[in-house]
Amino acid sequence: MKLQYEVNETVRTVDLDELADIYSGIVNIGRKCKEVWNTIAIEDDSADPFQCQMVGAAGGSWRLKHGQNRTECPKGLLSSKTVPCRSCMGRCVGPHPGKAKYYQRTPETMTMLNGAPLSEWGNEINVGDTISFGNVSISVVE
């Protein structure tokens, strides 16, 4: 499954299966900024840095959730690094191994799937779906 979106009149395509292998099945989508590292960084001010999160499930299916579940990081969640230490994307266990403190980061801009708000627990995405928030539209393609 792939995501396709436009940035500065250029269409970008991202393979979710490749990202799942690299980032342990969690894909964070949000506005590109120096303070937050996202797997898919959107260059649009209408997107929130913590816009949404995709979680891979068994059988290659994906769930889309509004906001992002992040943990504390000894280097700080809002890091100026372009990439996170040990590729944890803010999901590392922090200064106390095994005792991570998780926080739900909820954006002000609503994440929509096919024009409808997401359920509290997230929604499964399928080929042909459209994810939208602010001025951004992302198509789910094969």
Side-chain angles (χ1 to χ4, degrees), residues 1-94 97-142:
M1 192 177 299
K2 297 178 182 179
L3 299 180
Q4 198 169 66
Y5 59 100
E6 189 174 320
V7 175
N8 299 326
E9 299 180 14
T10 303
V11 175
R12 294 190 180 170
T13 303
V14 178
D15 189 323
L16 288 175
D17 296 326
E18 287 179 14
L19 293 178
D21 291 342
I22 297 169
Y23 300 111
S24 304
I26 296 178
V27 174
N28 291 322
I29 301 173
R31 183 177 71 231
K32 181 178 183 175
C33 60
K34 290 190 286 187
E35 297 83 18
V36 178
W37 191 89
N38 281 299
T39 318
I40 299 175
I42 304 293
E43 298 174 32
D44 190 300
D45 289 339
S46 68
D48 190 277
F50 301 102
Q51 188 64 52
C52 57
Q53 188 172 62
M54 297 180 69
V55 180
S61 65
W62 287 85
R63 291 195 73 75
L64 177 67
K65 295 175 20 183
H66 179 64
Q68 296 177 6
N69 196 17
R70 297 276 188 135
T71 64
E72 285 186 19
C73 174
K75 296 188 184 283
L77 177 65
L78 304 179
S79 171
S80 61
K81 292 180 171 279
T82 337
V83 293
C85 58
R86 289 182 255 132
S87 298
C88 72
M89 299 176 294
R91 295 190 323 263
C92 66
V93 294
K99 297 179 182 177
K101 293 181 181 177
Y102 287 88
Y103 298 96
Q104 177 65 27
R105 305 288 179 151
T106 305
E108 292 179 16
T109 307
M110 184 54 119
T111 305
M112 310 287 270
L113 181 64
N114 300 323
L118 299 173
S119 73
E120 182 181 345
W121 303 106
N123 296 61
E124 187 171 333
I125 62 165
N126 299 295
V127 173
D129 287 346
T130 301
I131 302 164
S132 57
F133 44 86
N135 301 324
V136 179
S137 181
I138 301 173
S139 301
V140 182
V141 296
E142 188 61 44

Side chains of [X] and [Y] in contact at under 4.5 Å (non-hydrogen atoms):
X      : Y      : result
Trp62  : Val140 : no
Asn123 : Asp129 : no
Ile125 : Met1   : yes
Asp44  : Arg31  : no

Once rounded to the nearest 0.5 Å, what's the spacing between atom [atom1] of [X] and atom [atom2] of [Y]?
X     : Y      : atom1 : atom2 : result
Asn69 : Ile26  : CG    : CD1   : 8.0 Å
Leu19 : Lys2   : CG    : NZ    : 11.5 Å
Arg63 : Leu113 : CZ    : CG    : 10.5 Å
Ser61 : Leu16  : OG    : CG    : 11.5 Å

Item to check | Thr130: side-chain contact (heavy atoms from CB on, under 4.5 Å) partners, not counting sequence neighbours | outcome: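 For Thr130, the residues satisfying side-chain contact (heavy atoms from CB on, under 4.5 Å) (neighbours in sequence not counted) are Asn114, Ser137.
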Ignoring hydrogens and angles, tell me if any N or O in the side chain of [X] forms a donor-acceptor pair with the backbone of [Y] under 3.5 Å.
X      : Y     : value
Arg105 : Phe50 : no
Thr109 : Asp48 : no
Thr13  : Gln4  : no
Thr111 : Gln51 : yes

Checklist entry - Do you know the tightest heavy-atom contact between Pro107 and Gly67? => result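 The pair with the smallest heavy-atom distance is CD-CA, 3.4 Å.
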Checklist entry - Between Pro117 and Met110, which heavy-atom pair has the shortest distance, and what is it? => result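 Minimum heavy-atom separation between Pro117 and Met110: CB-CE, 3.9 Å.
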Next on the checklist: For Lys65, is the NZ atom crowded, meaning more than 12 foreign heavy atoms sit under 6.0 Å from it?
Outcome noted: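 Yes - once you tally the heavy atoms of other residues, nucleotides and ligands closer than 6.0 Å, there are more than 12.
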Next on the checklist: Listing request: all salt bridge (Lys or Arg N to Asp or Glu O under 4.0 Å) pairs with a residue in residues 7-19, at least two apart in sequence or in separate chains.
Outcome noted: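 Every salt bridge (Lys or Arg N to Asp or Glu O under 4.0 Å) pair that includes a residue of residues 7-19, provided the two are not neighbours, is Arg12-Glu43.
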Checklist entry - Side chains of Asn38 and Gln68: donor-acceptor distance under 3.5 Å anywhere? => result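 Yes, because at least one side-chain N or O of Asn38 sits under 3.5 Å from a partner of the opposite role on Gln68.
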Next on the checklist: Using the rule given for side-chain contact (heavy atoms from CB on, under 4.5 Å), can you reason through Ile42 versus Ile29, listing the C-alpha separation, both sets of side-chain angles and the distance that settles it, and then say yes or no?
Outcome noted: CA-CA 7 Å; Ile42 304 293; Ile29 301 173; 4.0 Å; yes
